[in-house]
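Report on one structure; see the data block that follows.
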2 protein chains.
Amino acid sequence: MDKKVTINDIATQAGVSKTTISRYLNGKFDNMSSNTKARIEETIDKLDYRPNRQAQALKTHHSFLIGVSVADISNMYTSRLLKGIGEYFQKTHYQVLIMDADNSVARELSNLEKMMTEQVDGIILQPLVHQPEHYQLLVAENTPVVQVDRYTEPFAWPAVVSDNFQKSVELAKIFKTKSYDAILVLANHINGVSSRMNRYNGLEAGLTGSGITVKLIEIDGSDWQSLLHAEIKQHQHPAIFALNGQVLWSAVRFAKERSLNIPEDVGLIGYDDDQFADMITPAISSVSQNPQEIGRVAAEQLLSSVNGQATPPKNTRIPSEIQMRDSL
Amino acid sequence: MDKKVTINDIATQAGVSKTTISRYLNGKFDNMSSNTKARIEETIDKLDYRPNRQAQALKTHHSFLIGVSVADISNMYTSRLLKGIGEYFQKTHYQVLIMDADNSVARELSNLEKMMTEQVDGIILQPLVHQPEHYQLLVAENTPVVQVDRYTEPFAWPAVVSDNFQKSVELAKIFKTKSYDAILVLANHINGVSSRMNRYNGLEAGLTGSGITVKLIEIDGSDWQSLLHAEIKQHQHPAIFALNGQVLWSAVRFAKERSLNIPEDVGLIGYDDDQFADMITPAISSVSQNPQEIGRVAAEQLLSSVNGQATPPKNTRIPSEIQMRDSL
DNA sequence: ATGAAAGCGCTAACAG
DNA sequence: CTGTTAGCGCTTTCAT
């Protein structure tokens, strides 16, 4: 078990003081003889020295750690979000501490506590809770935060999200064109989840005065299938709008089980196709977001906020795209 | 901008020395008056004090950081793997530093370097490279490592993987029963990826003497579609065996584009169905792994290794399951 | 039952 | 152009 090599070892070996080594490490070559510089470089190489991050952090109050809190790590949206975040920080000296709330409010809070203990320099948060007061822990410590996918209200921090409301307005037009008479919005509980609320509200807004019924069905409720089935039977030309990927697949499965024909018996469109939507018959129409870009932009904003540039708590909307296929 | 509260603040406020606070923090109550204890607890609560991890780490040489290096963060297998890992460490005091190699050997190495700089206490590695010498960086520093999904050879560290070889042997039996005459194994490059090699080798082993042709087609090669098509035409009763989820979906897409009927024109089975396999028509037969359990077990093994229990560099095999549906 | 003091590995005045 | 020194926030002997 070899001892770790420290800045002192390098200093001794290179025959200079550790100050000089520190200068070298931090790229302060202004007044360093090329001779010394070369000798240091060589010594570091030879001993395979890597400065200790904790010691640096302790001294500089800069951990170079970024916390990322996601609602549920095991879904496609999250994977791609993380891809974008990781890609961005890869180019920097920051490391990313990813924590999975597993859709538990308690666990999310505990994760955030842990992040604070780790002295993270900033946080990317996909909030589970709508009220900013819930996160006062972060406010108290004045930690830079950028929200992704969803945001608290009133606004506490900048957010990078999809253009949910606008896309639903567009969708409303399509529903009208195709003369649907009822839109059954299928979702997990939407209360307090800004993205879902915006998707729902945008639809209602786009449909006002059209005479088209909008009905929300939350699938965490018991027996949503029967409810949905009844609604479908009740209308001439109904369509399902599924507010996220998992719900979309639940809808497909539902239609299959009840032997409902898509789009004849019921139209279907939903969020987040993830490359599978065009594999099944009929090909499913969908709204495809760009989580990777959301991650990238959020990372970018967070970094500039960490570096002291004041970021106004504003929404950044990343465009999503409506993919019309055969199910609607 | 409020200053961080430190152990000194607590000491002063509570009217004791920081030694005592430290004792409190580390649960050393043996010789502490319940009076002092209560006072400390109260003060910590009031000031919302959290000990600084970097300072602790510097002193104890224990960062409580675990590095996780994955081949590609944006796929289902990985998501579920991370779920398992996170779930386990959630219950401990360790934090998880996830890094995405994005299938780049160079980036993987750079990530590992970064992990070492962060003084991680241990690493979970899904290795991109088969030769352990490639990872001598880790050997040099004597870092505890547990491999997942794949392993280097010769063995350097324990590995937690699926029962790839055995499952392929089972599959071979099924192929025989269904009297296929040719198995077209579809994969990304298999060389150096132990999981893929085991899946392939197991099949060959299970099929020796059966007269059934086995043909490997690597889809990173140019125009694998034509090659595959030719092979299919050439045999009476061929089947495709796709070695991972993404390849499986490529195969489905391929069949669709070439208007091949499954399973009449060609049988199909593949790894990692991820809940979609039974959504399409025909429902796709698949081998479903348990990445979450792999992650959990790897985390467990790593932790005991970090805690000094010598872990023999042995394989742990987590069973996967063959799901027979309509495509084979 | 508690404290004083040294030191983990590094950075940053300040000095020369 | 380089070194001396103090100190970041904590843990840990060694005292008492």
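Below, chains carry the letters A, B, ... as their sequence lines are ordered, and counting in each starts from 1.
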[X] has an atom [atom1]; how far is it from atom [atom2] of [N], in whole Å?
{"X": "B:Ile10", "N": "D:dC10", "atom1": "CD1", "atom2": "P", "value": "9 Å"}
{"X": "A:Ile21", "N": "D:dT2", "atom1": "CD1", "atom2": "P", "value": "11 Å"}
{"X": "A:Lys4", "N": "C:dC10", "atom1": "NZ", "atom2": "P", "value": "11 Å"}
{"X": "B:Tyr24", "N": "C:dA1", "atom1": "OH", "atom2": "C1'", "value": "17 Å"}
{"X": "A:Leu58", "N": "C:dT11", "atom1": "CG", "atom2": "P", "value": "11 Å"}
{"X": "B:Asn8", "N": "C:dG3", "atom1": "CG", "atom2": "C1'", "value": "13 Å"}
{"X": "A:Asn31", "N": "C:dG16", "atom1": "CG", "atom2": "P", "value": "18 Å"}
{"X": "B:Lys59", "N": "C:dA5", "atom1": "NZ", "atom2": "C1'", "value": "10 Å"}

Starting at the 5' end of DNA chain C and moving along, which residue's nearest nucleotide shows up first, B:Lys18 or A:Ala55?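 Counting from the 5' end, the first nearest nucleotide belongs to B:Lys18.
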Is the A:Tyr94 ring parallel, tilted or perpendicular to the A:Phe89 ring (thresholds 30°, 60°)?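 Rings of A:Tyr94 and A:Phe89: tilted, as their planes differ by 30° to 60°.
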Proximal nucleotide (of [options]) relative to the [X] side chain:
{"X": "B:Ser33", "options": "C:dC10, C:dA1, D:dT11", "answer": "C:dA1"}
{"X": "A:Ser17", "options": "D:dC1, D:dT4, C:dG3", "answer": "D:dT4"}
{"X": "B:His61", "options": "C:dG3, C:dC8, D:dT2", "answer": "C:dC8"}

Check every strand shown and say whether [X] touches a base, only sugar-phosphate, or nothing at a heavy-atom separation below 4.0 Å.
{"X": "A:Thr60", "value": "sugar-phosphate"}
{"X": "B:Ser22", "value": "base"}
{"X": "A:Thr19", "value": "base"}
{"X": "A:Tyr49", "value": "sugar-phosphate"}
{"X": "A:Asn52", "value": "sugar-phosphate"}
{"X": "B:Lys28", "value": "sugar-phosphate"}

Return no unless some side-chain N or O of [X] is found under 4.0 Å from OP1 or OP2 of [N].
{"X": "A:Thr36", "N": "D:dT2", "value": "yes"}
{"X": "A:Gln56", "N": "C:dG9", "value": "no"}
{"X": "A:Thr20", "N": "D:dG3", "value": "yes"}

Let me know, please, whether B:Gln54 or B:Arg23 comes out on the 5' side of the other along DNA chain D by nearest nucleotide.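 In this pair, the answer is B:Gln54.
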With a 3.5 Å distance limit and no angle check, can you tell me whether A:Ser79 reaches the backbone of B:Asn75 through a side-chain donor-acceptor pair?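 No; judged by distance alone, with no hydrogens or angles, the pair does not exist.
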Between A:Thr12 (side chain only) and A:Asn8 (backbone N and O only), is there a donor and an acceptor less than 3.5 Å apart?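 Yes.
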Give a yes-or-no answer on whether the side chains of B:Gln289 and B:Ser162 include a donor-acceptor pair shorter than 3.5 Å.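 Yes, side-chain donor-acceptor contact under 3.5 Å.
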What's the verdict on side chain to side chain contact (heavy atoms under 4.5 Å, CB included) for B:Glu108 and B:Tyr135, showing C-alpha distance, side-chain angles and the deciding distance? CA-CA 10 Å; B:Glu108 178 187 57; B:Tyr135 299 106; 2.7 Å; yes
Should B:Tyr24 and B:Ile10 be marked as a side chain to side chain contact (heavy atoms under 4.5 Å, CB included) after you check the CA-CA gap, both sets of side-chain angles, and the distance that decides it? CA-CA 11 Å; B:Tyr24 175 91; B:Ile10 305 296; over 6 Å; no
